[in-house]
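No experiment lies behind these values; they were computed from the predicted model shown. Here, residue 1 is the first one in the sequence, and each next residue gets the next number.
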Amino acid sequence: MISLFKQQKRLQNILSFIHQNYYKSISLQDIAESGNMSIAQCYRYFKMIVKMSPYDYLIHYRLLKSIDYLLGSTFNITEISEKVGFQ
């Protein structure tokens, strides 16, 4: 069984990776590697802890960043979508 500290560190690494790279094209493989896990492990672990899949979390985070841009910049929707990683 993985210690609580190790689990917290894995989650912290995954979230940090997403938060630092949300504007790039990120695959589930990239997210899993940031937590030093297989794709299946990452998906199950993340869903168990965060209550959504890693990819759903990425989309959610991108939407939150989009709101920040909409409220605090003069960029248009297309520019904002590109800045937050929507293609």
Which atom of N13 lies closest to which atom of S34, heavy atoms considered: CB-O, 3.4 Å
Can you give each donor-acceptor pair under 3.5 Å made by side-chain atoms of residues 75-87, sequence neighbours left out, with the distance rounded to 0.1 Å?
{"unit_1": "N76", "atom_1": "OD1", "unit_2": "T78", "atom_2": "N", "d": "3.0"}
{"unit_1": "N76", "atom_1": "OD1", "unit_2": "E79", "atom_2": "N", "d": "2.8"}
{"unit_1": "E79", "atom_1": "OE1", "unit_2": "N76", "atom_2": "N", "d": "2.8"}
{"unit_1": "S81", "atom_1": "OG", "unit_2": "I77", "atom_2": "O", "d": "3.4"}
{"unit_1": "S81", "atom_1": "OG", "unit_2": "T78", "atom_2": "O", "d": "2.8"}

Verify, without hydrogens or angle tests, whether Y45 (side chain) and Q7 (backbone) share a donor-acceptor contact under 3.5 angstrom. yes
In one Ile/Leu/Val/Met/Phe/Trp/Tyr side-chain cluster, 4.5 Å: [X], [Y]:
X: Y22; Y: L70; answer: yes
X: L15; Y: L4; answer: no
X: M52; Y: I49; answer: yes
X: V50; Y: M48; answer: yes
X: L58; Y: L64; answer: no

Quick check: are there more than 12 heavy atoms from other residues, nucleotides or ligands sitting under 6.0 Å from [atom1] of [X]?
X: K9; atom1: NZ; result: no
X: Y55; atom1: OH; result: no
X: D68; atom1: CG; result: yes

Is any side-chain heavy atom of I14 less than 4.5 Å from a side-chain heavy atom of C42? yes
Would you please classify the geometry between the F46 ring and the Y57 ring as parallel, tilted or perpendicular, with 30° and 60° separating the classes? perpendicular
Go through E33 and Q29 one step at a time and tell me if the side chain to side chain donor-acceptor pair (under 3.5 Å) criterion holds. CA-CA 6 Å; E33 286 175 1; Q29 178 69 39; 2.8 Å; yes
Can you measure from [atom1] ([X]) to [atom2] ([Y]) and round to the nearest 0.5 angstrom?
X: H19; Y: Q12; atom1: NE2; atom2: CD; answer: 11.0 Å
X: D56; Y: K51; atom1: CG; atom2: NZ; answer: 14.5 Å
X: R44; Y: S38; atom1: CZ; atom2: OG; answer: 6.5 Å

Name all residues meeting the side-chain hydrogen bond (donor to acceptor under 3.5 Å, both in side chains) criterion together with S27; count only those two or more places apart in sequence or in a different chain, and write none if there are none. D30
